[in-house]
Amino acid sequence: MALKSAEFVKAVAALGRALALPEDDITRDASIQRFEFSMELAWKVSKRWLGTDTSAPKQVIREMGQAGLISDVVLWLEAIDQRNLSSHTYNEDLAREVYAFASGFLPELQSLLDRVQQP
């Protein structure tokens, strides 16, 4: 668990650094990639933290809500959808949408990180 948690810490920090830069096509693309990494690690770290057997990200998100790791399950399910959209297709409008979503979602990732790092 420590390895994935450390990777999650790094991914969220990297996303924060990318989002702090002025937006252009390169920083937007970097931010989207870092958002994808952060989301992937978020549900996988949570899966381990919860001790659940499921490998379906959306089911893990629901269990995260039930366990109180997150407060807005619907928002997190939307985050999974945004991650899936960005990783399967690319167009400028979609990139802007995902970038804007990631910018607003960063505090959620940071909050989850705080919760799973508590002893």
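Just the heavy atoms: all of them, side chains too, but no hydrogens, waters or symmetry mates, feed the values below.
One finds the OG atom of Ser31 at 10.5 Å from the CD atom of Gln33 (value rounded to the nearest 0.5 Å). The CD1 atom of Ile61 sits 4.5 Å away from the CD1 atom of Ile80 when rounded to the nearest 0.5 Å. The distance from the CH2 atom of Trp43 to the CG atom of Leu69 is 14.5 Å, given to the nearest 0.5 Å. Distance CD1/Ile70 to CG/Asp72: 7.5 Å, rounded to 0.5 Å. Residue Leu94 holds its CG atom at 15.0 Å from OH of Tyr99, rounded to the nearest 0.5 Å. The CZ atom of Arg115 sits 12.5 Å away from atom CD of Gln110, with the distance rounded to the nearest 0.5 Å.
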Please step through side-chain contact (heavy atoms from CB on, under 4.5 Å) for the pair Phe35 and Leu106, ending with a clear verdict.
CA-CA 9 Å; Phe35 171 67; Leu106 181 60; over 6 Å; no

CA sep, side-chain torsions, deciding dist, call: Glu78, Phe101, side-chain contact (heavy atoms from CB on, under 4.5 Å)
CA-CA 9 Å; Glu78 183 180 352; Phe101 184 89; 3.5 Å; yes

Can you list the steps and then say if Arg34 with Ser38 is a side-chain hydrogen bond (donor to acceptor under 3.5 Å, both in side chains)?
CA-CA 6 Å; Arg34 290 172 180 199; Ser38 295; over 6 Å; no

Would you please test Leu109 and Phe105 for side-chain contact (heavy atoms from CB on, under 4.5 Å) and show each step?
CA-CA 7 Å; Leu109 289 164; Phe105 195 73; 3.7 Å; yes

Worked check of side-chain contact (heavy atoms from CB on, under 4.5 Å) between Met64 and Val73:
CA-CA 8 Å; Met64 290 164 64; Val73 172; over 6 Å; no

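By the criterion of side-chain heavy atoms lying less than 4.5 angstrom apart, applied directly or through intervening Ile, Leu, Val, Met, Phe, Trp or Tyr residues, Leu75 is grouped together with Val45 in one hydrophobic cluster. Cluster membership check: Phe37 does not share its hydrophobic cluster with Val9, using side-chain heavy-atom separations under 4.5 Å among Ile, Leu, Val, Met, Phe, Trp and Tyr.
Looking only at side-chain heavy atoms (C-beta outward), Val60 and Glu63 stay at 4.5 Å or farther from each other.
Looking only at distances, a side-chain donor or acceptor of Lys47 sits under 3.5 Å from a matching main-chain atom of Thr54. For the pair Arg62 (side chain) and Lys58 (backbone), a donor-acceptor distance under 3.5 Å is present.
Listed here is the closest heavy atom pair of Ala95 and Ile32: O-CD1, 3.4 Å. What you find for Gly104 and Pro107 is that their closest heavy atoms are O-CD, 3.4 Å. Of all heavy-atom pairs between Ala102 and Leu19, the closest is O-CD1, 3.8 Å.
Within 6.0 Å of CG in Asp53 there are 12 or fewer heavy atoms belonging to other residues, nucleotides or ligands.
In this structure, a donor-acceptor pair under 3.5 Å is present between the side chains of Asp24 and Thr27.
At a threshold of 4.0 Å, the pair Arg28-Asp25 does not count as salt-bridged, since none of the basic side-chain nitrogens sits closer than that to a carboxylate oxygen. No salt bridge links Glu36 with Arg83; every basic N to acidic carboxylate O contact stays at or beyond 4.0 Å.
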